[in-house]
Chemist: 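Submitted below is the structure of interest, expressed as C-alpha cells.
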Amino acid sequence: MTTYVYGITRAGHRDLPEDLTGIGDPPLPVRTVTGSGLAAVVSDCPQELRPKRRDLLAHQQVVTEIGRRAPVLPMRFGSVSDSDDEVRDVLAEHGGRYEKQLEELGGRVEYNVKVVHREDAVLHRVLSEDAGLRTLAEANRAAGGGSYEQRLRFGEMVAERVREREDRDAELVRETLAPLAEKTRTGPENAGCFLSLSFLVDESAARRLLAETGRLEKENPHVALSVHGPLPPYSFVE
C-alpha cells in the first residue's frame, strides 16, 4: 500500500492525538515518518483516491491539527509516495529546504479573499458613472425597449463597463490588502469571482487584515469580499 502525505513538520514536537484519522472509508489512522530532524505526517493511501468531500475535509483536519502544535508545510490533497522509506529519502534529500521553509512559515497563517460584484449594485454603479449609458437606456425605454440591435448594443456596453469596474476594484483590493501581508499569491481563476488572493500574515497581524477587508466592503457596497481563514499556508509552500 502506498503512503499518503499530509504535511511536514519538525520531529520532536508533541505527538498527534492517538485517535487522529485521515482519508479513507473507513478513515485510516495517521502516523509519522521521521528522518533528518523532520517528521512527515502520513497514513496508508486507499487504493482508489478521489477528491471526495469527506476525504478533502479529513486532509484539512489533519493539517490543521498539525498546525496547532508546530509550524507545518501542508501538502496538497493527493500527495502520495510509494512507501514510508521513500518519504524518508525525500526528507533526507530536501531536509535543508524544508527546514528553511518551516522557519519562514512559523507563526504565519494564510487567508484567502475572493471578490465578486453584487450584480444589481454594480449595474447601478456603472450606469451612474456613464452618462452615455444612461442616455441609451432612456432612449431604449422610450422606444418600448428598443430594437434587438439596440438592446444588444446596450448589453455589450454594460458588460464592458462591468469588466472595467472589475479591473479597478481588483486593483483597489490588492493595493489595500497586500501591504498588510508578508507575501501575496494570486489564486486560480474561478468562474464565481473576478479576483482570488491569498495572503500570508503573522497570526498577530490577522486582525488588521480582517478589519481592512470589512472596511473595503463597507465603503464599496457593490463589492462582496469572502474571507477564508486562518488556513495552513498551502499557497506559500514551495
Chemist: State whether the side chain of R118 and the backbone N or O of P221 hold a donor-acceptor pair below 3.5 Å, judged by distance alone.
Modeler: yes
Chemist: Test your reading of the model: is there a side-chain donor-acceptor pair from E110 to the backbone of Y234, 3.5 Å cut-off?
Modeler: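 Indeed, once roles are kept as given, a pair shorter than 3.5 Å links the two residues.
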Chemist: With no hydrogens and no angle check, is any side-chain donor or acceptor of D55 less than 3.5 Å from a backbone partner on G24?
Modeler: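 Pair found, side chain donor or acceptor close to backbone of G24.
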Chemist: Determine, stepwise, if the pair E166 / R163 fulfils salt bridge (Lys or Arg N to Asp or Glu O under 4.0 Å).
Modeler: CA-CA 5 Å; E166 288 177 351; R163 284 192 292 270; over 6 Å; no
Chemist: Report yes or no: does D130 contribute a side-chain atom to a donor-acceptor pair with the main-chain N or O of V126 at less than 3.5 Å?
Modeler: no
Chemist: Yes or no on salt bridge (Lys or Arg N to Asp or Glu O under 4.0 Å) for E65 and R68, after CA distance, side-chain angles and deciding distance?
Modeler: CA-CA 5 Å; E65 194 66 44; R68 290 195 182 106; 2.8 Å; yes
Chemist: Within a radius of less than 6.0 Å around CD of E119, do more than 12 heavy atoms belonging to other residues, nucleotides or ligands occur?
Modeler: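 Atom CD in E119 is not crowded, with 12 or fewer foreign heavy atoms closer than 6.0 Å.
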Chemist: Does E217 reach the main-chain N or O of L225 with its side chain, forming a donor-acceptor pair under 3.5 Å?
Modeler: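 Checking the backbone N and O of L225 against the side chain of E217, a donor-acceptor pair under 3.5 Å is found.
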Chemist: As an exercise, state the distance from CZ of R54 to CG of D25, rounded to the nearest 0.5 Å.
Modeler: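 Here the rounded value is 4.0 Å.
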Chemist: In terms of side-chain geometry, is the basic nitrogen of E129 or R161 positioned less than 4.0 Å from the acidic oxygen of its partner?
Modeler: no
Chemist: Would you check if L91 and Y98 make a side-chain contact, meaning some heavy-atom pair closer than 4.5 Å?
Modeler: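 Answer yes - side chains close enough.
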Chemist: For R208 and E212, what are the C-alpha separation, side-chain angles and deciding distance, and is it a salt bridge (Lys or Arg N to Asp or Glu O under 4.0 Å)?
Modeler: CA-CA 6 Å; R208 188 180 176 196; E212 281 298 287; 5.8 Å; no
Chemist: Report yes or no: does H59 contribute a side-chain atom to a donor-acceptor pair with the main-chain N or O of M75 at less than 3.5 Å?
Modeler: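 Between the backbone of M75 and the side chain of H59 there is a qualifying donor-acceptor contact (under 3.5 Å).
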Chemist: Using atom types as modelled and distance alone, determine if a side-chain donor or acceptor of R174 lies under 3.5 Å from a backbone N or O of L172.
Modeler: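 No: the side chain of R174 does not pair with the backbone of L172.
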Chemist: Can you list the steps and then say if D84 with R31 is a salt bridge (Lys or Arg N to Asp or Glu O under 4.0 Å)?
Modeler: CA-CA 10 Å; D84 287 8; R31 62 183 187 275; 2.9 Å; yes
Chemist: Quick one, R53 with L57, criterion side-chain contact (heavy atoms from CB on, under 4.5 Å). Give me CA distance, side-chain angles, the key distance, then yes/no.
Modeler: CA-CA 6 Å; R53 174 177 171 80; L57 291 175; 3.9 Å; yes
Chemist: Treating Ile, Leu, Val, Met, Phe, Trp and Tyr as nodes and any side-chain heavy-atom pair under 4.5 angstrom as an edge, say whether V42 and V72 lie in one connected cluster.
Modeler: no
Chemist: Is it the case that the side chains of D85 and S83 hold a donor-acceptor pair, with the cut-off being a distance below 3.5 Å and no angle test?
Modeler: no
Chemist: Treating N112 as the side-chain partner and L197 as the backbone partner, does any N or O pair qualify as donor plus acceptor under 3.5 Å?
Modeler: yes
Chemist: Side chains of L105 and P71: closer than 4.5 Å at any heavy-atom pair?
Modeler: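 No; the side chains remain at least 4.5 Å from each other.
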Chemist: Can you tell if the side chain of L216 reaches within under 4.5 Å of the side chain of V223, non-hydrogen atoms only?
Modeler: no
